[in-house]
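Structure record follows, encoded as structure tokens.
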Amino acid sequence: MVTVELNNVKLEIPESWSDIKLSRYEKLYMQKPETKLDLVHFVADVCNIDANVLLESPAQVFNALAEIVDFVFDSELPPANAIKVGDTEYFVSFADKLTLGEWVDAENVIGSDSECKLSELLAILCRPIGEKYNPDLLGERTEMFKNLTCDKALPLISFFLSKKREYEAILNHYSTVMAQAARFLKDTKTFAINGGGIKRLPIWQRIRYTYLIRSLEKQLAKCSDFSSIK
């Protein structure tokens, strides 16, 4: 923290993520400053002071405070899938190992109006290795994560974001490959229907060709529905 005096009042201003708890971050990250006034209110919230105090102060005061809290505009820290709280280490559960109960509770949190979604999600998805999911611990764990400083909590959030981007990249690549495969199948079937020398082949080769086309269509249909391609 940095001590700043404003109007004869000493203020403790955060200068790094280690000075801000996750519970406070959850209120800040929902704000998306677009105008200068929005930015004044945002900086005031970060500094935990009344925005009107800043508006009534010289511009240099705002500029100085904004420079101190500039770190808040870079909230994606290097990802980490584990964190140590006290003597206990907590690990992130991977999506392919989640129980149905975890999925349901996580979906409920995401769709809720809760102001502490990040803490609640971490309470669901992070726990000591070997521990089974226990909904009865959610209240206690949520409070624990809310009280974590952001230098410890945000790497876990960054881990989820990095995994989300990885899954999206895989999905986009998969969609591209499937679209190309569908086009290949359609073009090949059109080629066969229109001839292109196929009808001049011996009957056994035409039968073999037809078999191969149908086999290819079945293989592609395992990943996506190409049965409608004519």
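Every residue meeting the side chain to side chain donor-acceptor pair (under 3.5 Å) condition with Asp38, not counting sequence neighbours, appears here in chain and number order: Thr35. For Thr99, the side chain to side chain donor-acceptor pair (under 3.5 Å) criterion is met by Glu102, not counting sequence neighbours. Partners of Asp105 by side chain to side chain donor-acceptor pair (under 3.5 Å), not counting sequence neighbours, listed by chain and number: Tyr133. Applying the ring pair (Phe, Tyr, Trp, His ring centres under 6.0 Å) criterion to Phe62, with sequence neighbours excluded, gives no partner residue. Residues passing the side chain to side chain donor-acceptor pair (under 3.5 Å) test with Asp19, sequence neighbours excluded: none. Take Tyr29 and apply the ring pair (Phe, Tyr, Trp, His ring centres under 6.0 Å) test, not counting sequence neighbours, and it matches Tyr25. Listed by chain and residue number, nothing satisfies the side-chain contact (heavy atoms from CB on, under 4.5 Å) test with Pro78 (two or more places apart in sequence, or in another chain). Among residues two or more places apart in sequence or in another chain, the side-chain contact (heavy atoms from CB on, under 4.5 Å) test is passed with Asp151 by Trp17, Ser18, Thr149.
At most 12 non-hydrogen atoms from other residues, nucleotides or ligands lie less than 6.0 angstrom from NZ of Lys152. Within 6.0 Å of CD on Glu115 lie no more than 12 heavy atoms contributed by other residues, nucleotides or ligands.
Closest approach of Cys116 to Thr142, counting heavy atoms only: SG-CG2, 4.5 Å.
Interatomic distance, Ile13 CD1 to Ile49 CD1, rounded to the nearest 0.5 Å: 5.5 Å. Put simply, SG on Cys150 and CD1 on Ile157 are 9.0 Å apart, with the number rounded to the nearest 0.5 Å. For the atom pair NZ of Lys27 and CG of Leu22, the computed distance is 10.0 Å after rounding to the nearest 0.5 Å.
Residue Leu137 belongs to no hydrophobic cluster, having no ILVMFWY side-chain heavy atom closer than 4.5 Å to its own. Apart from Met1 itself, the hydrophobic cluster it occupies contains nothing, where clustering links Ile, Leu, Val, Met, Phe, Trp and Tyr at side-chain heavy-atom distances under 4.5 Å.
Applying the ring pair (Phe, Tyr, Trp, His ring centres under 6.0 Å) rule to pairs touching residues 34-61 yields Phe42-Phe73, sequence neighbours excluded. Residue pairs meeting the salt bridge (Lys or Arg N to Asp or Glu O under 4.0 Å) criterion with at least one member in residues 130-144, sequence neighbours excluded: Glu131-Arg141, Glu143-Lys146.
No side-chain heavy atom of Val43 sits less than 4.5 Å from a side-chain heavy atom of Val72.
Follow the hydrophobic side-chain contacts under 4.5 Å out from Phe91 and you never reach Val85; the two are in separate clusters. Linking ILVMFWY residues whenever their side-chain heavy atoms come closer than 4.5 Å, directly or via other members, leaves Val104 and Val109 in distinct clusters.
Between the side chain of Lys21 and the backbone N or O of Asn147 there is no donor-acceptor pair closer than 3.5 Å. Checked by atom type and distance alone, the side chain of Glu26 pairs as donor or acceptor with a backbone atom of Leu118 at under 3.5 Å.
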- Residues Leu122, Ile83; criterion side-chain contact (heavy atoms from CB on, under 4.5 Å); working and verdict: CA-CA 11 Å; Leu122 290 177; Ile83 184 175; over 6 Å; no
- Query: Checking side-chain contact (heavy atoms from CB on, under 4.5 Å) for the pair Leu37/Leu55: CA distance, chi angles, key distance, verdict?
  - Reply: CA-CA 9 Å; Leu37 183 59; Leu55 291 170; 4.1 Å; yes
